[in-house]
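Heads up: the structure comes next, in structure tokens.
Everything numeric in this text was worked out from a predicted model, so none of it was measured.
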Amino acid sequence: MKPSDLEEFADALKEQFSLPGIASAEDQLKQHVPALMDAAAVEYGLNLDRKTETTLSGLGVRPDIAIYVGGLICGYVELKAPGLGADAARLKGQHNKDQWQKLKALPNLIYTDGREWSLYRNGQRPNGQPLVRLSGDPIADGKNAIGPEDANNLERLLRDFLGWGPVVPHLPTPLAQYLAPLTRFLRGEVEVALANDGSAISLLANEWRDYFFPDADDAQFADAYAQTVTYAMLLARLHGATSLDVPDAAAMLDSSNG
């Protein structure tokens, strides 16, 4: 990420918050934070997409932005009103506290209020990574001066976030703990897809009920499906699959199971 990208981000925030009228301060970041991440992704040679207000029903929470890299979920961004800060565990208010208890299960998460940025992995900052605080504050005082270390610090944080790759444990209990939130993410995506009657997952749910569990509702199907797919992928890996694309995993399982 170039220093000019950060300067453009600060200028955009200054202009956004100088507009007259009353609006949600947090919502004003939904355009500019992803734009900054887009600029970083271009520098890193990554293809970035995003969705807003993504529902994670398994956790009972809805992060502001879901970030996809190469078409696959990479992580989530939780936005806070400017001035609240990005130290998730210290945010005041019962809503913020309850939200953090749910969001800290995520393996790759950014908190930001536009000026402060924090990266979390399962509720912890990776490798003791410090909170990044930009020296300028275009919202509070109209200044958007970027300190010499700002771009470097934020660049490291965004590179770490966008380059996230899971480190899979090899013992049963840690492995189960690692897979549980990922399975919940999948379950949430399935529940969203089931709302579309014409989707492939909806058709599969109907077949599932015809052949296996006629009384299963959508929530039960989504839970069973997510656990089945997660276990199948793990089994394919244990059987020697080097890639966990669905066709490769299916071929591996077909070759070693009746």
**Message:** Strictly below 4.0 Å, N to O, side chains only: are R133 and D113 in salt-bridge contact?
**Reply:** no
**Non-hydrogen side-chain atoms of L84 and Y111 separated by less than 4.5 Å** = no
**Item:** Whether Q28 side chain and S24 backbone form a donor-acceptor pair below 3.5 Å
**Value:** yes
**Asked** Do the side chains of M37 and V77 get nearer than 4.5 Å, heavy atoms only?
**Response** yes
**Request:** Examine distances only and state if a side-chain atom of T112 and a backbone atom of W117 form a donor-acceptor pair shorter than 3.5 Å.
**Result:** no
**Prompt:** Between the side chains of K102 and Q99, does any donor sit under 3.5 Å from an acceptor?
**Reply:** no
**Prompt:** Which pair of non-hydrogen atoms, one from R62 and one from E78, has the smallest distance, and what is that distance?
**Reply:** O-OE1, 4.2 Å
**Item:** Distance-minimising heavy-atom pair for E116 and D87
**Value:** OE1-N, 4.3 Å
**Asked** Is the backbone of A226 close enough, under 3.5 Å, to the side chain of T230 for a donor and an acceptor to pair up by distance?
**Response** yes
**Prompt:** Any sub-3.5 Å donor-acceptor pair from R115's side-chain atoms to L134's backbone N or O?
**Reply:** yes
**Within 6.0 angstrom of K97 NZ, more than 12 heavy atoms from elsewhere** = yes
**Message:** In the structure I gave you, are the side-chain heavy atoms of E43 and E155 within less than 4.5 Å of one another anywhere?
**Reply:** no
**Prompt:** Y44 versus L162: any side-chain heavy-atom pair under 4.5 Å?
**Reply:** yes
**Asked** Which distance, rounded to the nearest 0.5 Å, do you find between the CZ of R156 and the CG of L119?
**Response** 13.0 Å
**Asked** Any donor-acceptor pair under 3.5 Å linking the side chain of N108 with the backbone of C74?
**Response** yes
**Message:** Using every non-hydrogen atom in the two residues, find where M252 and A241 come nearest and quote the distance to one decimal.
**Reply:** CE-N, 3.7 Å
**Message:** How long is the straight-line distance from CZ of F161 back to OH of Y76, given to the nearest 0.5 Å?
**Reply:** 9.5 Å
**Sub-4.5 Å side-chain heavy-atom contact between V190 and L194** = yes
**Request:** Using modelled atom types only, decide if a donor and an acceptor are shared between the side chain of Q220 and the backbone of D217 within a distance under 3.5 Å.
**Result:** yes
**Atom pair NE2 (H32) and CG (D38), whose distance is rounded to the nearest 0.5 Å** = 13.0 Å
**Hydrophobic cluster of L235, others only, ordered by chain and residue number, side-chain cut-off 4.5 Å** = Y231, L253
**Request:** Report whether V229 and F212 are members of the same hydrophobic cluster (ILVMFWY, side-chain heavy atoms less than 4.5 Å apart, transitive linking).
**Result:** yes
**Request:** Check whether any side-chain heavy atom of E189 lies under 4.5 Å from a side-chain heavy atom of I201, and answer yes or no.
**Result:** no
**Request:** Would you give the length of the straight line joining atom CG of D49 to atom CG of L72, rounded to the nearest 0.5 angstrom?
**Result:** 10.5 Å
**Message:** Are R184 and R187 packed together at the side-chain level, in the sense that at least one heavy-atom pair is separated by less than 4.5 angstrom?
**Reply:** yes
**Complete:** The single option from L103, I110, T52 that satisfies side-chain contact (heavy atoms from CB on, under 4.5 Å) with P63 is L103
**Prompt:** Hey, are R125 and D160 close enough for a salt bridge, meaning a charged N less than 4.0 Å from a carboxylate O?
**Reply:** no
**Message:** If you define the side chain from C-beta out and look only at heavy atoms, does anything of E191 sit under 4.5 Å from D218?
**Reply:** no
**Message:** I'd like to know if L154 and V42 are part of one continuous hydrophobic network [Ile/Leu/Val/Met/Phe/Trp/Tyr, side-chain heavy atoms within less than 4.5 Å].
**Reply:** no
**Asked** Any idea which heavy atoms bring P107 and R121 closest together, and the distance?
**Response** O-CD, 2.8 Å
**Message:** Treating D64 as the side-chain partner and L79 as the backbone partner, does any N or O pair qualify as donor plus acceptor under 3.5 Å?
**Reply:** yes
**Request:** Answer with yes or no whether the hydrophobic clustering places L238 together with L179; edges join I, L, V, M, F, W, Y residues whose side-chain heavy atoms lie under 4.5 Å apart.
**Result:** yes
**Request:** Could you check whether the rings of F221 and W208 sit parallel, tilted or perpendicular, using 30° and 60° as the cut-offs?
**Result:** perpendicular
**Message:** Do L131 and L109 land in one hydrophobic cluster if side-chain heavy atoms of ILVMFWY residues count as linked below 4.5 Å?
**Reply:** no
**Asked** If every non-hydrogen atom of E26 is compared with every non-hydrogen atom of P82, which pair is closest and at what distance?
**Response** N-CD, 4.5 Å
**Asked** Linking I/L/V/M/F/W/Y whenever any side-chain heavy atoms sit under 4.5 Å apart, do L204 and Y211 land together?
**Response** yes
**Prompt:** With no hydrogens and no angle check, is any side-chain donor or acceptor of R209 less than 3.5 Å from a backbone partner on F213?
**Reply:** no
**Fill in**
Residues A40 and L158: closest non-hydrogen pair is CB-CD1, 4.0 Å
